[in-house]
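First up is the structure itself, then whatever we jot down about it.
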Amino acid sequence: MPPTPELLDWLLDADPALRWQVERDLAGAPEDVWRATRARVATEGFGARLLALQDPDGQWAGGAFFPAGYQGDEEGQPWTATTWTLTTLRDWGLDAAVLAGTAEKLAASSRWEYDDLPYWDGEVDCCINGWTLANGAWLGVDVSGIARWFVDHRLADGGWNCEWVEGSTRSSFHSTLNSLKSLLYYEAATGGGDELRAARRAGEEYLLERRLLRRLSTDELVGPWATWFGYPFRHAFSALNALDYFRAAALHDGVEPDPRLADAVEVVREARRPDGTWLQEGRLPGRVWFEIDVLPGEPSTWLTFHGARVLDWWDGARGA
């Protein structure tokens with residue numbers, strides 16, 4: 001069921017960070033139209049607000065992954081530091097040229113909170129390394145060393161786990177999805193390579209074997225977060241977040257949707273309300289610069305866009 005004209009109008013009445021994506025992926029707008037809207041991300045609304053908060057040294061909030069002075073005594077993860085802000089701006093489609101000079105400033109001034117390591121060298125957490133890999137490729141940094149890290153640190157079951165450094169040998173849904181999203185972005189931006197592509201496909205297989213939802217050992221739901229609908233996605237795995245990745249990967253690879261996605265697709269379909277919207281179930285706690293989506297219980301334009309886009313892809317590819 002494609003979005004109704006009324007629903008499409010509601011989605012289009014959004015910040016440029018979302019509107020250009022609605023124009024391109026749901027409304028079928030000409031390329032010059034959605035590109036013009038995307039260019040506005042730098043000068044209007046959410047994107048312009050984040051850009052205005054950048055520190056003189058190229059960082060945000062004075063830190064690489066955590067804001068300066070963070071003591072770990074707040075509810076949730078703070079979302080204001082450099083890595084989170086860069087990732088958000090990249091996801092919103094900001095032209096990297098707007099951040100000219102930022103990569104060099106970060107190379108000179110930003111260090112990871114873990115062992116004071118240089119920013120563009122990455123660290124030991126696969127999610128952090130993934131965001132740094134994608135952001136580096138976006139800003140034109142040579143992050144091939146981080147790309148190689150993913151090949152070397154993939155676990156035997158096919159995916160990744162940020163707790164590997166603590167001895168974990170089993171992959172994590174969350175860590176694997178975050179790694180995959182970044183590997184796909186890097187591959188699209190640079191061409192990647194055979195080893196990296198093989199690692200990406202092994203990680204995809206880890207999730208597909210579990211149908212994005214279930215433990216391989218017991219077939220039980222892996223956790224309540226798997227069927228959660230919340231935006232921004234941040235680092236959290238959910239059926240919708242994972243399907244959004246698999247849509248992008250299938251389009252990149254020129255393949256049909258994998259049938260093992262069907263159960264996750266039905267989770268998304270069943271959560272759609274009769275008016276075509278999806279409700280915000282809850283936002284991840286933590287310090288933010290400003291909120292970009294509605295309170296829990298309200299219809300979310302961001303979730304509705306992602307849900308409608310996933311179903312449009314799945315149903316269209318499968319002839320529904």
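Ring pair Trp92/Phe46: centre-to-centre distance below 6.0 Å. Trp289 and Trp60 have their aromatic ring centers separated by at least 6.0 angstrom. Checked against the 6.0 Å centroid criterion, the rings of Trp84 and Phe65 qualify as a close aromatic pair. Between Trp225 and His174, the distance separating the two ring centers is shorter than 6.0 angstrom.
For the pair Arg211 and Asp219, the salt-bridge criterion is met [side-chain N within less than 4.0 Å of a carboxylate O]. By the 4.0 Å N-to-carboxylate-O rule, Glu187 lies close enough to Arg200 to be salt-bridged with it.
Legend: residues meeting side-chain contact (heavy atoms from CB on, under 4.5 Å) with Thr227, ordered by chain and number and at least two apart, are Leu213, Leu221, Val267. With sequence neighbours excluded, the residues forming a ring-ring contact (aromatic ring centres under 6.0 Å, His included) with His153 are Trp149, Trp164, listed by chain and number. Judged as a side chain to side chain donor-acceptor pair (under 3.5 Å), and not counting sequence neighbours, the contacts of Arg309 are Asp25, Asp244. With sequence neighbours excluded, no residue satisfies side chain to side chain donor-acceptor pair (under 3.5 Å) with Arg49. Listed by chain and residue number, Asp157 satisfy the side chain to side chain donor-acceptor pair (under 3.5 Å) test with Ser171 (two or more places apart in sequence, or in another chain).
The structure places CG of Asp275 at 10.0 Å from CH2 of Trp278, a figure rounded to the nearest 0.5 Å.
If you chain together hydrophobic residues whose side chains sit under 4.5 Å apart, Val294 and Leu240 never meet in one group. Linking ILVMFWY side-chain heavy atoms closer than 4.5 Å, directly or via other members, places Val222 and Leu216 in two distinct hydrophobic clusters.
Within the structure, no pair that satisfies the ring pair (Phe, Tyr, Trp, His ring centres under 6.0 Å) test touches residues 241-264, not counting sequence neighbours.
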